[in-house]
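Here's the structure, in structure tokens; my notes come after.
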2 protein chains.
Amino acid sequence: MKLNTKSRYAVMALADMAVFSNANAVSLRDISLRQGISLLYLEQIFLRLKKNNIVKSVRGTNGGYILIKSPKELKISDILLALDQKVKTIGCKKDSKKSCNGKSTKCITHNFWDELDIHINSFFENKKLSDLLKNKEARI
Amino acid sequence: MKLNTKSRYAVMALADMAVFSNANAVSLRDISLRQGISLLYLEQIFLRLKKNNIVKSVRGTNGGYILIKSPKELKISDILLALDQKVKTIGCKKDSKKSCNGKSTKCITHNFWDELDIHINSFFENKKLSDLLKNKEARI
DNA sequence: CAAAAACTTGACTATTTTAGTCGGGTATAT
DNA sequence: ATATACCCGACTAAAATAGTCAAGTTTTTG
Ligand code: FES
Ligand code: FES
């Protein structure tokens with residue numbers, strides 16, 4: 001039950017932006033240096049963040065990325081969604097007629113996994129990017 | 001963010017046992033047929049459940065497995081633990097001196113992931129196997 | 001204008017993890 | 001005896017993941 005690194009880095013990078021942008025664009029190069037994440041990897045991640053309207057870009061010298069929403073408004077669930085990091089603890093589709101084992105009825109554990117998904121998703125729904133910044137001592 | 005099938009099948013199989021055992025041992029063959037899980041795979045799973053004292057076995061004809069605790073007492077977290085399905089949403093070790101990016105201080109997001117782990121683990125801690133059986137209509 | 005900074009994009013690959021199988025056991029009830 | 005059912009380590013194919021590469025385009029600044 002692990003989160004993939006793409007999502008982890010995305011949250012990390014956006015948190016970095018929230019701290020270090022002073023209404024300026026933040027370049028991936030700077031984030032890469034501060035957070036120790038590969039620049040090439042960040043590019044790939046920000047491509048998706050941009051496509052999903054989490055950030056907007058400024059090209060050219062002194063360019064970089066800018067958060068579209070304020071950290072107080074940006075939900076962690078928005079970030080994960082942008083990276084296709086769905087919280088689906090099992091493969092069985094909620095709306096499909098087929099159960100996880102190919103039978104026509106839902107299996108004995110189905111409702112339980114549904115509850116789990118809701119439990120986890122609500123955590124991400126209720127957390128804002130700004131919530132991560134509260135104890136700034138923890139920052140690098 | 002997915003649960004692996006081993007854990008999923010383990011919960012499913014144990015729920016099956018809770019429903020169909022009448023103080024008798026339940027054979028893997030029966031579980032396999034009822035739940036549509038490969039017998040060979042079940043054997044591998046129950047090996048671990050046995051080693052971790054979730055079930056005990058009865059060999060020979062009419063043998064099978066028996067739940068050690070009652071479904072009311074068996075926590076889902078116990079089951080996951082038996083299968084090494086740790087809920088560790090990131091790789092960073094809690095107690096280690098090293099952060100996720102190799103630096104000596106904890107990264108900006110560290111506490112957040114810790115909270116997430118606690119959130120998910122408490123869900124599994126508070127659910128008992130018997131909780132899955134409440135709406136028996138859902139069973140196959 | 002030239003050059004550097006920085007974003008854009010798709011494709012590509014090595015590694016790791018996962019899911020599931022195989023083969024050859026051993027114990028026990030009837 | 002023999003069928004049933006647990007025991008156990010090793011093995012493999014397929015999928016997911018993490019991360020790289022190559023070849024751009026755009027904009028600022030000297
Ligand atoms: S039918 Fe949905 S999890 Fe089994
Ligand atoms: S230091 Fe623990 S998650 Fe980054």
Side-chain angles (χ1 to χ4, degrees), chain A residues 1-10 12-13 17 21 24-33 35-52 54-68 80 83-86 88-92 100-102, chain B residues 1-10 12-13 17 21 24-33 35-52 54-68 80 83-86 88-92 100-102:
Chain A
M1 188 89 139
K2 277 196 309 189
L3 206 63
N4 62 19
T5 59
K6 263 185 189 127
S7 305
R8 192 158 58 80
Y9 286 164
M12 211 164 160
M17 286 178 67
S21 88
N24 302 323
V26 180
S27 75
L28 294 188
R29 193 175 142 280
D30 287 353
I31 297 175
S32 166
L33 291 172
Q35 304 299 332
I37 304 169
S38 145
L39 177 59
L40 291 160
Y41 208 18
L42 277 176
E43 286 182 346
Q44 200 185 106
I45 290 166
F46 272 74
L47 195 62
R48 315 217 55 167
L49 292 176
K50 186 188 168 168
K51 269 188 184 149
N52 288 279
I54 307 290
V55 295
K56 60 188 171 189
S57 65
V58 179
R59 300 184 87 161
T61 310
N62 294 322
Y65 288 92
I66 298 174
L67 289 169
I68 289 181
L80 300 188
L83 292 161
D84 288 333
Q85 179 66 15
K86 298 205 191 71
K88 286 257 305 347
T89 49
I90 50 141
C92 159
C100 60
N101 49 20
Chain B
M1 187 89 140
K2 277 196 309 188
L3 206 64
N4 61 21
T5 58
K6 263 185 189 128
S7 306
R8 192 159 58 79
Y9 286 164
M12 210 164 160
M17 285 177 68
S21 89
N24 301 324
V26 180
S27 75
L28 294 187
R29 191 175 144 278
D30 287 352
I31 298 175
S32 167
L33 290 173
Q35 304 300 332
I37 304 169
S38 145
L39 176 61
L40 291 160
Y41 208 17
L42 277 176
E43 284 184 349
Q44 199 185 109
I45 291 166
F46 273 74
L47 199 61
R48 315 215 55 166
L49 292 177
K50 187 190 166 167
K51 269 187 186 149
N52 289 280
I54 307 291
V55 294
K56 60 188 171 188
S57 64
V58 178
R59 302 184 87 160
T61 310
N62 293 321
Y65 288 94
I66 299 175
L67 288 169
I68 289 182
L80 301 188
L83 292 161
D84 288 333
Q85 179 65 15
K86 298 204 192 70
K88 285 255 311 337
T89 49
I90 50 141
C92 159
C100 61
N101 49 20

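Chain letters run A, B, ... following the sequence lines, proteins first and then strands; every chain starts at 1.
Nucleotide dT4(D) holds its P atom 15 Å from the CG atom of Leu28(B), rounded to whole Å. In this structure, the CE atom of Met1(B) is 13 Å from the P atom of dT17(D), given to the nearest Å. Look at CG on Asn4(B): it is 13 Å from P on dT17(D), rounded to the nearest Å. The interatomic distance linking Tyr65(B) (OH) with dC6(D) (P) rounds to 6 Å, in whole Å. Distance, Lys50(B) NZ to dA5(D) C1': 12 Å, rounded to whole Å. The separation between Leu47(B) atom CG and dG9(D) atom P is 7 Å, rounded to whole Å. For Leu3(A) and dT17(D), the CG to P distance is 10 Å, given to the nearest whole Å. The distance between atom CG of Leu39(A) and atom C1' of dC21(D), rounded to the nearest whole Å, is 13 Å.
Using a 4.5 Å cut-off on side-chain heavy atoms (C-beta onward), Thr89(B) and Met1(B) make contact.
Within the structure, every side-chain polar atom (N or O) of Thr61(B) is placed at least 4.0 Å from both OP1 and OP2 of dT2(D). For Asn62(A) and dA5(C), the shortest distance from a side-chain N or O to OP1 or OP2 is not below 4.0 Å. Contact between the side-chain N/O atoms of Thr5(A) and the OP1/OP2 oxygens of dG19(D) is found at a separation under 4.0 Å. For the pair Ser57(B) and dC7(D), the criterion of a side-chain N or O lying under 4.0 Å from OP1 or OP2 is met. The shortest distance between the side-chain N/O atoms of Ser38(A) and the OP1/OP2 oxygens of dT20(D) is below 4.0 Å.
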Which pairs, protein N/O on one side and nucleotides 12-15 of chain D N/O on the other, fall under 3.5 Å?
none

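A distance of 12.0 Å separates CD of Gln44(A) from CG of Leu28(A), quoted to the nearest 0.5 Å. Within the model, atoms CD1 of Ile45(A) and CG of Leu40(A) stand 11.0 Å from one another, a figure rounded to the nearest 0.5 Å. Here Leu3(A) contributes atom CG and Lys2(B) contributes atom NZ; the two are 13.5 Å apart, rounded to the nearest 0.5 Å. The structure places CG of Leu42(A) at 12.0 Å from CG of Leu47(A), a figure rounded to the nearest 0.5 Å.
Residues Leu83(B) and Lys6(B) come closest through the heavy atom pair CD1-O, 3.6 Å.
Among the heavy atoms of the strands, none lies under 4.0 Å from Phe46(B).
Residue order along DNA chain C, read from the 5' end via each residue's closest nucleotide, puts Arg59(A) first among Lys51(A) and Arg59(A). With the nearest nucleotide of DNA chain C identified for both Gly60(A) and Leu40(A), Gly60(A) has the one nearer the 5' end.
With hydrogens and angles ignored, the 3.5 Å screen pairs no side-chain donor or acceptor of Ser57(B) with any backbone N or O of Tyr65(B).
Of the candidates dT21(C), dA11(C), dA5(D), dT21(C) carries the atom nearest the Gln44(B) side chain, counting heavy atoms from C-beta on.
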